[in-house]
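A quick note: this is a predicted structure, and the numbers were derived from the prediction, not measured.
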Amino acid sequence: MSNTTKPRDTWGSKLGFVMAAAGSAVGLGNIWKFPYTAGENGGGAFVAIYLFFVIFIGFSVMLTEFAIGRRTQKSAVGAFKSTDRRWTFAGVIGVVSGLLIMGFYPVVGGWAIAYIGKVGTGLLDAPEAIGDSFGGFISDPVQPLMWMGAYLLLNIVIVMKGISGGIEKAGKVLMPLLFIILIIVSVKGLMLPGAMAGLEFLFSPDFSKIDSNVILAALGQAFFSLSLGMGCMMTYGSYLKKKENLVQTTAMVTAMDTGVAILAGVAMFPAMFAFGMAPTAGPGLVFVVVPQLFAEMGGVIGLLLALMFFIGLSVAALTSSVSLLEVVVSYLIDEKGLSRVKAVITASSVMAILCIFASLSLGGVGPTLFDTGAFDIFDLLTDKIFLAVGGMLVCIFAGWRLTREDLENEVTNGGEVKFPLFGLWYALVKYVIPVAIAIVAFMGISSGFDSGKGPIMLLGVAIIAGSALISKKF
């Protein structure tokens with residue numbers, strides 16, 4: 001099924017695309033990572049800086065990815081390669097990022113699905129045992145693998161059905177469902193006595209808390225929660241019709257993504273303050289503190305809200321991982337001429353093997369590298385290096401390799417769409433954002449060395465250098 005014989009798949013409607021792209025952006029980063037990162041970095045001050053970065057940097061990089069994808073009508077690798085073969089490696093990094101993230105993401109997605117069942121079968125009856133229950137579950141060699149398999153299967157079914165028939169239909173149902181669930185959970189939390197302290201924590205900034213770590217955490221979170229730098233938005237953009245308004249679409253996707261992150265905070269912090277729980281519970285927040293929270297609410301309402309919360313978490317994970325699978329699938333269809341079915345089976349088989357290593361590593365089983373298990377290696381490489389470098393390369397490519405006229409033509413649909421801020425956006429993409437991201441990447445790698453993960457950071461840099469050398473084969 002090469003592109004010469006079959007017209008390129010496109011989105012059926014603008015709403016379908018916005019829901020799918022917002023679904024790609026909304027993932028575990030919004031619901032699992034945003035609240036605990038905000039909690040660890042002083043609440044309101046972190047949120048204020050995060051919003052600033054989303055508006056200026058997140059929006060700009062997303063618009064750039066959509067423009068490059070639609071202009072070339074190709075997925076991550078082809079978009080760079082068709083303009084300049086020397087840039088192929090930038091697309092390769094996106095595909096490698098997609099594979100690595102899908103090497104641990106379905107593991108956490110599997111946990112989310114498993115917790116729907118756990119909550120339904122009495123997890124909340126013994127709140128004091130919830131922490132031990134989570135530790136025992138993720139270190140079990142068999143159970144999480146079964147759930148990971150079920151979760152990966154859902155991804156395979158959706159992506160096999162194609163763009164409009166699978167990904168778009170899923171997004172139209174799943175995204176509104178996620179918003180409804182988060183709003184219901186938030187409203188209930190806000191009705192608790194003492195809940196206002198949680199809102200205060202989240203929305204009244206104490207700027208004395210701000211240091212370089214908080215700024216880095218906010219920029220990192222803005223970047224990763226929007227699914228930037230990994231080829232997802234470029235790939236989704238390549239299926240866009242030429243008449244769509246890219247600026248408006250990007251604004252809608254960015255707003256929906258940020259809305260979900262803030263809603264997740266509102267769903268958790270007021271209730272946590274009401275029950276006197278610390279807002280800095282780290283990554284275990286969602287699987288340990290949140291179930292304890294619903295157990296405290298008690299009765300049928302606590303049970304129903306807990307079920308809804310974990311259904312919402314599974315939905316958010318699924319809409320993101322579908323787009324990551326599509327990045328690799330689209331590459332195999334565009335560049336290797338595989339049919340969609342073969343591409344999905346090939347990509348998901350590799351991901352399943354990576355996920356098995358990642359899941360087993362949490363129980364101390366399986367190979368380690370520099371005393372670090374597969375789950376943490378995949379997370380560190382993508383979180384600290386690959387996504388930042390990917391986003392930086394997208395901006396350098398757009399600002400320095402494409403002409404200003406080409407970009408303006410694509411973004412304004414040949415002058416039909418008004419974008420008065422084009423000059424500001426272009427300056428940000430060409431000069432400011434690459435430097436800002438380079439600083440974040442450098443600090444991220446440095447923090448890796450400080451925490452004893454230096455060799456893994458060097459491995460990441462070596463993989464990027466290696467992909468630049470071997471990208472001619474792609």
Side-chain angles (χ1 to χ4, degrees), residues 28 31-41 43 107-148 151 181-182 184-202 264-314 316-317 359-365 373 375-376:
L28 293 170
I31 298 180
W32 171 55
K33 206 171 174 192
F34 176 80
Y36 87 74
T37 311
E40 287 175 336
N41 290 284
V107 176
V108 184
W111 298 348
I113 298 178
Y115 262 64
I116 300 171
K118 283 181 177 293
V119 167
T121 52
L123 177 74
L124 306 187
D125 298 343
E128 67 287 344
I130 288 174
D132 293 338
S133 162
F134 177 63
F137 169 66
I138 65 167
S139 56
D140 182 305
V142 180
Q143 266 197 69
L145 283 182
M146 289 160 55
W147 290 106
M148 179 276 292
Y151 177 86
I181 287 171
L182 283 175
I184 292 170
V185 176
S186 300
V187 168
K188 173 62 187 164
L190 290 170
M191 288 159 64
L192 296 166
M196 285 309 126
L199 280 188
E200 209 169 289
F201 172 78
L202 198 56
V266 174
M268 290 181 205
F269 289 124
M272 284 166 75
F273 275 82
F275 291 121
M277 294 176 172
T280 55
L285 179 70
V286 160
F287 293 100
V288 179
V289 178
V290 170
Q292 287 170 343
L293 203 63
F294 292 124
E296 290 277 350
M297 288 182 188
V300 177
I301 189 76
L303 176 67
L304 282 176
L305 289 174
L307 282 171
M308 288 173 75
F309 178 82
F310 284 106
I311 290 168
L313 187 66
S314 305
S359 186
L360 291 176
S361 73
L362 295 171
V365 183
F375 188 101
D376 290 334

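Phe309 CZ to Leu304 CG: the interatomic distance, rounded to the nearest 0.5 Å, is 15.5 Å. Taken to the nearest 0.5 Å, the CG atom of Leu307 stands 5.0 Å off from the CG atom of Leu303. Taken from CH2 in Trp147 to OH in Tyr115, the straight-line distance is 12.0 Å, to the nearest 0.5 Å. Rounding to the nearest 0.5 Å places CD1 of Ile181 at 10.5 Å from CG of Leu305. Rounding to the nearest 0.5 Å gives a distance of 6.0 Å between CG of Leu202 and CZ of Phe269. Summarising the geometry, atom NZ belonging to Lys118 is positioned 10.0 Å from atom CZ belonging to Phe134; distances are rounded to the nearest 0.5 Å.
Residues Pro291 and Val119 form no side-chain contact, since every pair of their non-hydrogen atoms from C-beta on lies 4.5 Å or further apart. Side-chain contact check for Phe275 versus Leu293: some heavy-atom pair is nearer than 4.5 Å. At least one side-chain heavy atom of Leu145 sits under 4.5 Å from a side-chain heavy atom of Ser359. Looking at Phe294 and Val185, their side chains come closer than 4.5 Å, going by heavy atoms from C-beta outward. Leu192 is not listed as a side-chain neighbour of Pro270, based on a closest heavy-atom distance of 4.5 Å or more. At a threshold of 4.5 Å between non-hydrogen side-chain atoms, the residues Leu124 and Met297 do not count as touching. In this structure the side chain of Phe273 never reaches within 4.5 angstrom of the side chain of Glu200, judged on heavy atoms.
Distance alone, capped at 3.5 Å, places no donor-acceptor pair between the Ser133 side chain and the Ala129 backbone. Remark: side-chain polar atoms of Ser361 are paired, donor with acceptor, to backbone N or O of Phe375 under 3.5 angstrom. Side-chain N or O atoms of Asp140 include none that pairs as donor or acceptor with a backbone N or O of Gly136 at under 3.5 Å.
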>> Test side-chain contact (heavy atoms from CB on, under 4.5 Å) on Phe201 and Met272; report intermediate values, then the result.
In response: CA-CA 11 Å; Phe201 172 78; Met272 284 166 75; over 6 Å; no
> Step by step, would you call Glu128 with Gln292 a side-chain contact (heavy atoms from CB on, under 4.5 Å)?
Replying inline: CA-CA 8 Å; Glu128 67 287 344; Gln292 287 170 343; over 6 Å; no
> Are Tyr151 and Trp111 close enough, and set up right, to give a ring pair (Phe, Tyr, Trp, His ring centres under 6.0 Å), and what steps lead you there?
Replying inline: CA-CA 9 Å; Tyr151 177 86; Trp111 298 348; over 10 Å; no
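Looking at every heavy atom in both residues, Ala317 comes nearest to Gly109 through CB-CA, 4.3 Å. A pairwise comparison of heavy atoms in Ser139 and Gly135 identifies OG-O, 2.8 Å as the closest pair. Ile31 approaches Ala316 most closely through the heavy-atom pair CD1-CB, 3.7 Å.
Each of Leu313, Ile138, Leu28, Val286 was scored for a side chain to side chain contact (heavy atoms under 4.5 Å, CB included) with Val108, with one residue passing: Leu28.
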